Amino acid sequence: MASDNQIKSIRNIGIIAHIDAGKTTLTERILYYTGKTHKIGEVHDGQATMDWMPEEQERGITITSAVTTCFWKGKEIHIIDTPGHVDFTIEVERSLRVLDGALGVFCAVGGVEPQSETVWHQADKYRVPKMAFVNKMDRLGADFWRVVKELRDRLGANPLVITIPLGSEDNFQGVFDVIKKKLILWDEKTEGREFQELEVPKEHEEYVIESRERLLEALSEIDEELMEKYLSDEEITEREIHQVVRSACLSLKGVPVFCGSALKNKGVQPVLDAIGRYLPSPLDIPPIRGINPETGEEEERRASIKEPLSALAFKVQMDQGRKMTYVRVYSGILNAGQEVWNATKSKKEKIARLLRMHANKRERIKEAGAGQIVAVMGLKLAGTGDTICDPEHPIILESIDTYQPVISVAVEPKSTQDQEKVEASLRKLAEEDPTFRVRFDEETGQTIISGMGELHLEVLTHRLLREFNVPVRVGKPQVVYRETIQKEATVTEGFDREIGGSRQVATLTITVKPRERGEGNLVRSELPEDALPEGYLEQIIETLEQGLDSGVLQGFPMIDTEVIVKEAKFEEGLSTDLAFRACASMALRKACEEAEPVLLEPKMLVEVITPENFMGDVIGDLNSRGGKVESIEPRGAVQVIKAIVPLSKMFGYSTALRSATQGRANFTMVFSHYDPIED
């Protein structure tokens with residue numbers, strides 16, 4: 001267990017990137033070089049340690065965030081290898097919520113791709129300090145400096161280049177460390193475990209000195225002391241440079257950048273050194289803040305074992321039918337056998353066992369201290385985003401944002417005896433994944449599952465068979481639509497009925513009006529404080545919020561709608577909270593019907609990377625799907641086409657694209673926004 005002194009050596013980092021940038025390959029090298037594994041597992045062989053699920057091994061992609069702990073030069077590094085596919089974006093979101101630092105991996109050929117932007121901005125949202133590793137320097141079309149420019153132009157990052165490549169593509173040999181002014185070459189016989197630091201060859205001296213000058217210029221804009229030394233041509237020591245790079249990284253003013261080829265075992269050790277040197281320990285980040293549920297006051301918890309326990313459950317996983325919860329301990333100590341308070345659910349829970357995870361392997365531990373990430377058995381109620389804390393010092397930490405699903409399919413068991421089993425298994429999967437929803441459609445009698453994309457739902461239905469032994473039939477994918485209104489409407493609605501032998505009366509005036517796309521719903525009141533008895537207004541607002549869950553056209557959730565309670569008429573002895581709730585429900589429906597309701601469909605940002613000779617076919621196909629091409633830009637030998645396309649027209653697109661381009665084009669698709677359906 002970490003003493004306060006040892007917390008300084010902990011690094012909680014995530015490896016984040018676009019699909020296929022080489023995150024898992026890099027993680028495998030880190031595990032090998034730190035002695036955590038004794039051989040390198042390769043993604044293309046289905047042998048990667050961190051891709052332990054059968055689904056991941058078959059597809060060669062990461063689906064679930066895997067956690068591991070390794071040690072390097074006195075630092076205890078907790079690594080989360082996150083998925084790169086947009087369908088599993090919740091895995092990235094919840095990982096970034098509990099991490100202190102992130103390592104972004106970029107393909108030297110593909111550069112900053114759509115999902116790289118998404119995960120980078122997710123990290124920005126949580127103010128996570130970041131480093132970047134430009135991978136695949138050995139690939140045809142690799143261009144390190146183009147990727148550095150894209151980091152600046154597309155991500156708004158301030159790149160602080162620490163290692164630069166010697167050669168590229170087939171000629172990639174090693175890297176120059178611009179701070180040390182050394183050439184680093186790796187020994188291929190030891191799979192890159194051994195390497196040499198050599199003097200910079202004469203013909204490359206100018207290249208290294210120029211890169212070092214560029215780094216010092218960037219750092220002098222961040223640190224005044226270094227600027228004075230730089231301008232007066234004073235000697236700047238390696239130690240001083242490292243200190244300024246670290247403070248720039250921690251304050252989000254700079255991103256240390258490295259390069260290499262994880263697959264060819266080159267460039268990884270400098271990244272490991274930098275994780276310990278530049279990324280924050282739990283002591284370097286501000287104390288975590290939360291709300292005391294008893295007082296409503298904001299409180300903070302420092303990363304110390306002397307503080308009361310506070311921890312956040314960030315992931316739930318079913319493990320042989322039992323629930324395993326991953327938690328990040330922010331303060332205090334978590335002990336096996338301890339009774340804890342689930343402040344989010346206001347219930348007591350008991351820690352049965354504590355586990356240190358290495359992908360799907362585990363090691364039992366007795367306790368975990370501030371700064372550590374562990375798995376817990378025994379928490380029956382905890383879900384993603386719940387706070388676990390000391391019963392005597394309750395606190396609720398900020399939860400984790402989830403995403404609305406955009407695609408649905410109907411599922412049914414292959415035999416009627418399995419109906420209950422299917423429902424129970426789906427409930428377990430929904431507990432694991434907050435972006436996966438299950439509902440029973442009363443009209444059709446079907447079970448409808450919703451998720452973030454075709455791959456997401458495909459993986460989940462395969463898991464039903466593989467993990468729960470429940471074969472299901474799957475219907476055609478359906479788009480999850482939304483509803484909204486297009487103009488303002490005000491209605492006054494009365495409720496006057498006899499219920500249970502007594503007359504119940506209420507009158508309400510409400511206004512509904514559209515909000516800007518993406519602003520979300522807002523329900524508020526303009527009533528004077530004494531207009532209604534205590535508690536009534538809260539009930540009305542809650543009813544209106546629930547009413548927006550089901551629109552007036554086809555019952556889809558309503559978005560970007562404002563509802564204002566304008567007037568309420570209360571009659572002593574006759575008006576009840578039940579009457580006001582019923583009245584609010586009726587008024588909302590009537591107002592929305594008068595406000596020109598409209599059905600919205602999800603529009604996707606599609607980015608296609610294709611050789612130039614197939615460009616006409618690709619654009620023609622996107623246009624035929626109702627797509628609007630936003631831009632076309634050359635990227636080396638290929639063209640990048642960006643378009644906005646309705647999701648409903650994108651089913652089966654990967655097959656169509658493959659056949660139109662002889663399998664040489666690929667695409668990514670991320671949710672962009674909702675827009676009215678076009679005829």
Side-chain angles (χ1 to χ4, degrees), residues 296 404-405 437 439-443 479-602 673-679:
Q404 292 298 320
R437 310 283 162 86
R439 68 180 175 84
F440 186 73
D441 190 317
E442 300 285 349
E443 287 177 30
V479 174
V480 178
Y481 294 96
R482 294 282 183 271
E483 297 183 22
T484 194
I485 52 172
Q486 297 178 93
K487 68 170 198 180
E488 189 173 318
T490 301
V491 300
T492 300
E493 185 65 49
F495 180 88
D496 187 345
R497 295 217 188 126
E498 194 165 298
I499 299 171
S502 60
R503 187 173 161 219
Q504 303 207 17
V505 173
T507 308
L508 274 179
T509 301
I510 68 165
T511 296
V512 295
K513 51 185 177 185
R515 303 185 83 200
E516 287 294 316
R517 190 69 66 246
E519 281 191 348
N521 293 333
L522 175 67
V523 179
R524 62 187 180 88
S525 162
E526 289 181 357
L527 295 182
E529 275 187 24
D530 57 352
L532 291 169
E534 197 178 331
Y536 275 50
L537 181 59
E538 286 83 351
Q539 301 256 29
I540 291 167
I541 284 176
E542 190 184 313
T543 302
L544 293 170
E545 285 172 343
Q546 288 171 353
L548 291 173
D549 289 343
S550 176
V552 294
L553 291 171
Q554 292 184 27
F556 290 108
M558 295 197 64
I559 60 168
D560 306 326
T561 302
E562 184 171 359
V563 186
I564 307 158
V565 183
K566 292 281 198 182
E567 291 173 26
K569 191 175 169 195
F570 178 80
E571 293 187 40
E572 197 67 54
L574 294 175
S575 293
T576 62
D577 59 349
L578 176 67
F580 272 108
R581 286 185 85 115
C583 187
S585 194
M586 290 156 56
L588 178 65
R589 191 158 191 85
K590 193 170 171 186
C592 289
E593 282 168 353
E594 289 181 15
E596 288 183 17
V598 63
L599 206 57
L600 302 173
E601 66 176 343
H673 61 280
Y674 276 97
D675 249 359
I677 293 177
E678 292 165 16
D679 296 330

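The model shown is predicted, which means the values in this text are computed figures rather than measured ones.
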Closest heavy-atom pair and its distance - [X], [Y]:
X: Ala591; Y: Ala489; answer: O-CB, 3.6 Å
X: Ser575; Y: Lys569; answer: OG-O, 4.1 Å
X: Cys592; Y: Ile485; answer: O-CG2, 4.0 Å
X: Arg589; Y: Gly551; answer: NH1-O, 4.0 Å
X: Asn521; Y: Met558; answer: ND2-O, 2.9 Å
X: Val491; Y: Ala587; answer: CG2-O, 3.4 Å

Atom pair [atom1] ([X]) and [atom2] ([Y]), whose distance is rounded to the nearest 0.5 Å:
X: Leu588; Y: Gln546; atom1: CG; atom2: CD; value: 11.5 Å
X: Phe495; Y: Thr507; atom1: CZ; atom2: OG1; value: 11.0 Å
X: Tyr481; Y: Leu553; atom1: OH; atom2: CG; value: 13.0 Å
X: Tyr536; Y: Leu578; atom1: OH; atom2: CG; value: 9.5 Å
X: Ile510; Y: Ile564; atom1: CD1; atom2: CD1; value: 9.5 Å
X: Arg482; Y: Leu599; atom1: CZ; atom2: CG; value: 11.0 Å

### Message
Checking Val565 against Leu544 for the side chain to side chain contact (heavy atoms under 4.5 Å, CB included) test, could you report, in this order, the C-alpha distance in whole Å, the side-chain angles of both residues, the deciding distance, and whether it holds?
### Response
CA-CA 9 Å; Val565 183; Leu544 293 170; 3.7 Å; yes

Hey, does the side chain of [X] reach the backbone of [Y] with a donor-acceptor pair shorter than 3.5 angstrom?
X: Glu567; Y: Thr509; result: no
X: Thr484; Y: Ile559; result: yes
X: Thr543; Y: Gln539; result: yes
X: Glu483; Y: Gly555; result: yes
X: Glu571; Y: Val505; result: no

Pairing residues for [X] by the side-chain contact (heavy atoms from CB on, under 4.5 Å) criterion, not counting sequence neighbours:
X: Glu538; answer: none
X: Glu572; answer: Phe570
X: Ala568; answer: Leu508, Leu527, Leu532, Phe580
X: Asp549; answer: none

### Pairwise salt bridge (Lys or Arg N to Asp or Glu O under 4.0 Å) hits with a residue in residues 493-502, at least two apart
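Listed once each, the pairs are Glu493-Lys590, Asp496-Arg503.
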
### Close side-chain approach of Tyr674 and Asp560, heavy atoms under 4.5 Å
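Tyr674 vs Asp560: side chains apart.
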
#### Entry: Glu519 atom CD: more than 12 heavy-atom contacts under 6.0 Å
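Counting other residues, nucleotides and ligands, CD of Glu519 exceeds 12 neighbours.
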
#### Entry: Summary of side-chain hydrogen bond (donor to acceptor under 3.5 Å, both in side chains) pairs that have at least one residue in residues 523-532, sequence neighbours excluded
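Sorted pair list: Arg524-Glu526, Arg524-Glu562, Glu526-Lys566.
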
